[in-house]
2 protein chains.
Amino acid sequence: MEEVKTFESICNLLRNRSYKLTPQRQTILQTFLEHVDRHLSAEEVYMLVKHQNPEIGLATVYRTLDILAEIGILLKNDFGDGRSRYEFSRKDEQHHHHHLICLGCGNVSEFDDDLLESLEAVIIKRNQFKIMDHDLKFYGYCSQCGEGH
Amino acid sequence: MEEVKTFESICNLLRNRSYKLTPQRQTILQTFLEHVDRHLSAEEVYMLVKHQNPEIGLATVYRTLDILAEIGILLKNDFGDGRSRYEFSRKDEQHHHHHLICLGCGNVSEFDDDLLESLEAVIIKRNQFKIMDHDLKFYGYCSQCGEGH
DNA sequence: ATGATAATGACAATCCTTTGCAAGTGATTT
DNA sequence: AAATCACTTGCAAAGGATTGTCATTATCAT
């Protein structure tokens, strides 16, 4: 149904959900479109967005990120650094990717794999547990930071 | 080297690391030994411990949990509920187990598997990423909560 | 025992995040 | 285009988990 995520298509999605299309929301959305590969925190979005629109408030950023996550545009992640980080959701992927978190520089990269599906089957049988979602993170050192380790 | 974790062996470990063996630390440790299967938050430990020793302060609980995690007695976990949860570490296991987190009751159960090791090998090759640790969580519904879902 | 030193408890401070509220704005109807 | 009304905003204050401060107290090697 949803093919590509353009600025316009997302604006339509907001309208369809009867969210008003305010300049603040547009600015925040635009910022994410310019950083599709990043995993931004609310504070970071706030800083980026302030360039375009210095009037914007941090609470508005939080509220907008909530909405964008709620309608499936963003994914809210917890990488253990004490703040939530949001990434652009690529709806095309069935099961979302895993994260490689560098203990050196804090950079987050991504990794796709379907190995977990067979694991899920085992868990369902053995533990009588209905799995709705999973979250797999690897902590280590990326190629830039890996020298000393 | 370390066979079984008894109250005494852990006390010795504290002493060896030149931590003083205060009654507060002993009480907290005892509490964990009485709840080896639980994943307790600082607040929960605080409540449990207050029965034994109403004088104890929350800050002391936090400090003690830090120490016990630092010396490898406890593992500090983040299950996404906004607080850290500590579990008794069973040193015998090479790679630590994964967690099944019930979205209904919040209960956390455990799951052992070595499937991730082959995944790690792939990641190391493909992403030039030196893996130090991993963290795998499954969110879903346990057998008690699973009815409606 | 006793002294050096670390640990405690009470409370303030911090950090990220959410909320209350008065004023403002977008979208829709006249 | 103006009126309308619910939704949004920005600000400041409140939350909740955790950490820092500091005077007092307790542990442990001597």
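The basis for the numbers below is simple: all heavy atoms, side chains too, and nothing from hydrogens, waters or symmetry mates. Proteins get letters first, then strands, A, B, ... in listed order; numbering begins at 1 in each.
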Quiz item: Looking only at heavy atoms, which two atoms of A/D78 and A/K137 are closest? And how far apart?
Solution: O-NZ, 2.8 Å
Quiz item: Who passes ring-ring contact (aromatic ring centres under 6.0 Å, His included) against B/Y139, sequence neighbours left out?
Solution: none
Protein-nucleic acid N or O pairs under 3.5 Å, nucleotides 24-29 of chain C:
residue	atom	partner	partner atom	Å
C/dG26	N2	A/K20	NZ	3.4

Quiz item: So, does B/T60 use its side chain to make a donor-acceptor pair with the main chain of B/I56 at under 3.5 Å?
Solution: no
Quiz item: What is the bend of the helix from C/dA1-D/dT30 to C/dT30-D/dA1 when you compare the axis at one end with the axis at the other, using five pairs each and rounding to 10°?
Solution: 30°
Quiz item: Taking 4.0 angstrom as the limit, do A/E44 and A/R83 come out as a salt bridge?
Solution: no
Quiz item: Judged by atom type as modelled, is there a donor-acceptor pair below 3.5 Å linking the side chain of B/R85 to the main-chain atoms of B/H39?
Solution: yes
Quiz item: Within the side chain of A/N53, is there an N or O that forms a donor-acceptor pair under 3.5 Å with the backbone of A/E55?
Solution: yes
Self-check item: For atom CD of B/Q26 and atom C1' of C/dT8, their distance in whole Å
Solution: 15 Å
Quiz item: Near A/E110 CD, under 6.0 Å, is it more than 12 heavy atoms from other residues, nucleotides or ligands?
Solution: yes
Practice problem: In whole angstrom, give the distance that lies between atom CD of A/E43 and atom C1' of C/dT14. | Solution: 14 Å
Quiz item: Looking at the rings of A/H97 and A/F111, which for Trp means the six-membered one, are their centres under 6.0 Å apart?
Solution: no
Quiz item: Side chain of A/K5, backbone of A/S89: donor and acceptor closer than 3.5 Å?
Solution: yes
Quiz item: Considering heavy-atom distances to DNA chain D, does B/G82 or A/K50 have its closest nucleotide positioned more toward the 5' end?
Solution: A/K50
Practice problem: Using whole Å, report how far CD1 of B/I67 lies from P of C/dA6. | Solution: 12 Å
Exercise. Determine whether the side chains of A/H99 and A/E87 contain a donor N or O and an acceptor N or O closer than 3.5 Å.
Key: yes
Quiz item: Whole Å only: how far is the CD atom of B/E55 from the P atom of C/dT8?
Solution: 14 Å
Exercise. Indicate the ring-plane relationship of B/H134 and A/F138, choosing parallel, tilted or perpendicular according to the 30° and 60° boundaries.
Key: perpendicular
Exercise. Write down the distance between CD1 (B/I28) and C1' (C/dT8), rounded to a whole number of angstrom.
Key: 11 Å
Practice problem: Mind running a 4.0 Å heavy-atom check of residues 56-65 of chain A against DNA chain D and sending the residues that fall below it, in number order? | Solution: A/I56, A/G57, A/A59, A/T60, A/R63
Quiz item: With sugar-phosphate meaning primed atoms plus P, OP1 and OP2, does A/S84 contact a base, only sugar-phosphate, or nothing at under 4.0 Å between heavy atoms?
Solution: sugar-phosphate
Exercise. May I ask you to decide if the ring planes of A/F88 and A/F32 are parallel, tilted or perpendicular, using 30° and 60° as cut-offs?
Key: tilted
Quiz item: Going 5' to 3' along DNA chain D, which nucleotides are the first and last within contact of chain A (any atom under 4.0 Å from a heavy atom)?
Solution: D/dA6 to D/dC11
Identify every side-chain donor-acceptor pair in residues 14-23 of chain A under 3.5 Å, counting partners at least two apart or on other chains, and give the distances.
residue	atom	partner	partner atom	Å
A/R15	NH2	A/N12	OD1	3.1
A/N16	ND2	A/N12	O	3.4
A/Y19	OH	A/E70	OE1	2.6
A/T22	OG1	A/R25	N	3.2

Quiz item: Between atom OH in A/Y86 and atom P in C/dC16, what is the gap in whole Å?
Solution: 14 Å
Quiz item: Looking at A/L58 and A/Y46, what are the two nearest heavy atoms and their distance?
Solution: N-CE1, 3.4 Å
Quiz item: Can you check the B/E70 CD to C/dA6 P distance for me, whole Å?
Solution: 15 Å
